[in-house]
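Just so it is clear: chains get the letters A, B, ... in the order the sequence lines come, proteins before strands, and each one is counted from 1.
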Amino acid sequence: MPLRYLTNGAGMTTRFPTDPSMSRIRLAREFFTRDVLMVAPDLLAKVLAVREPDGAISRFIISETEAYRGTDDKACHACRGRTSRTDIMFHDGGRLYVYLVYGMHWMLNVVTGSLNDPQAALIRGFENCYGPGRATKLAGIDRSFNGEDLTSSERIWLEDDGVVPDYKTGERIGIDYAGEYWKARPWRFFL
DNA sequence: TCAGTGATTAGG
DNA sequence: CTAATCACTGAG
């Protein structure tokens with residue numbers, strides 16, 4: 001199916017006219033290239049759309065995210081520099097960073113920010129599915145999505161349905177190794 | 001509370 | 001090459 005895009009007035013989003021859901025809007029580059037502390041909360045209530053292998057499109061409402069911010073952030077994988085795994089985080093925003101943790105759980109991250117400033121927002125859950133590993137299992141996300149571009153991919157993208165939700169913040173989960181200061185940053189965002 | 005699981009990384 | 005670590009989950 002050929003895809004065409006039309007930028008809207010704000011330049012933040014693109015229409016997705018060939019998609020069955022004509023009224024929704026695909027998030028475009030300018031949404032993702034902002035600082036992760038802006039993007040991570042803005043991802044709340046956005047819709048992750050995935051074209052499954054059988055062609056059907058599944059949609060998931062994002063309910064929880066965490067920000068991982070640059071080489072100073074001791075909880076960010078990129079704090080030790082550029083490696084084969086963290087390379088994708090050094091791109092400008094809009095790509096996916098997907099990796100396996102504990103040998104069995106895929107973690108889905110949205111790369112944010114500008115070129116060579118490694119940042120990402122971890123998708124920690126959907127409205128009816130809590131936990132980053134459960135979320136990827138539900139959506140069928142695996143290694144093959146690493147590096148995928150959300151602004152142009154034909155099998156995964158983000159939609160804005162106009163909802164601007166209230167949200168709460170808290171400490172990030174599972175980063176005790178990063179030390180008191182970085183653990184205390186209120187960089188977890190949830191509905 | 002704790003075992004499972006294997007990719008990734010630093011270091012020899 | 002080795003060994004340690006890990007942005008977690010589900011069973012008990």
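- Of the possible donor and acceptor atoms, none in the side chain of A:Arg185 sits under 3.5 Å from a partner among the backbone N and O of A:Trp182.
- For the segment residues 179-191 of chain A, the set of residues with a heavy atom within less than 4.0 Å of an atom of DNA chain C is empty.
- Among A:Asp117, A:Thr112, A:Asp35, the one residue that satisfies the side chain to side chain donor-acceptor pair (under 3.5 Å) test with A:Arg69 is A:Asp35.
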Heavy atoms under 4.0 Å is the rule here; annotate nucleotides 1-12 of chain B 5' to 3' with B where the base is hit, S where only the sugar-phosphate is, and - elsewhere.
---BBBSSSS--

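- Under a 3.5 Å cut-off, the side chain of A:Thr86 and the backbone N or O of A:Met89 do not form any donor-acceptor pair.
- A:Arg29 places a side-chain N or O within donor-acceptor distance of the main-chain N or O of A:Gly93, the cut-off being under 3.5 Å.
- Within 4.0 Å of A:Ile175, counting heavy atoms only, lie sugar-phosphate atoms of the nucleic acid but no base atom.
- For DNA chain C, the span of nucleotides reached by chain A at under 4.0 Å from its heavy atoms goes, 5' to 3', from C:dC6 to C:dG10.
- Summarising the geometry of A:Phe31 relative to A:Val39, their closest heavy-atom pair is O-CG2, 3.4 Å, with the distance given to 0.1 Å.
- Looking at A:Arg95 and A:Asp87, no side-chain N of the basic residue comes within less than 4.0 Å of a carboxylate O on the acidic one, giving no salt bridge.
- Shown here for A:Ala78 and A:Phe90, the closest heavy-atom pair between the two residues is CB-CE1, 4.0 Å.
- Each of A:Leu48, A:Asn109, A:Leu43 was compared with A:Ile123 under the side chain to side chain contact (heavy atoms under 4.5 Å, CB included) criterion, and only A:Leu43 meets it.
- Put simply, A:Leu27 and A:Val111 are part of two different groups of oily side chains (I, L, V, M, F, W, Y) that touch within less than 4.5 Å, one to the next.
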Take A:Glu127 and A:Ser63, measure what side chain to side chain donor-acceptor pair (under 3.5 Å) needs, and give me the verdict at the end.
CA-CA 5 Å; A:Glu127 214 165 42; A:Ser63 65; over 6 Å; no

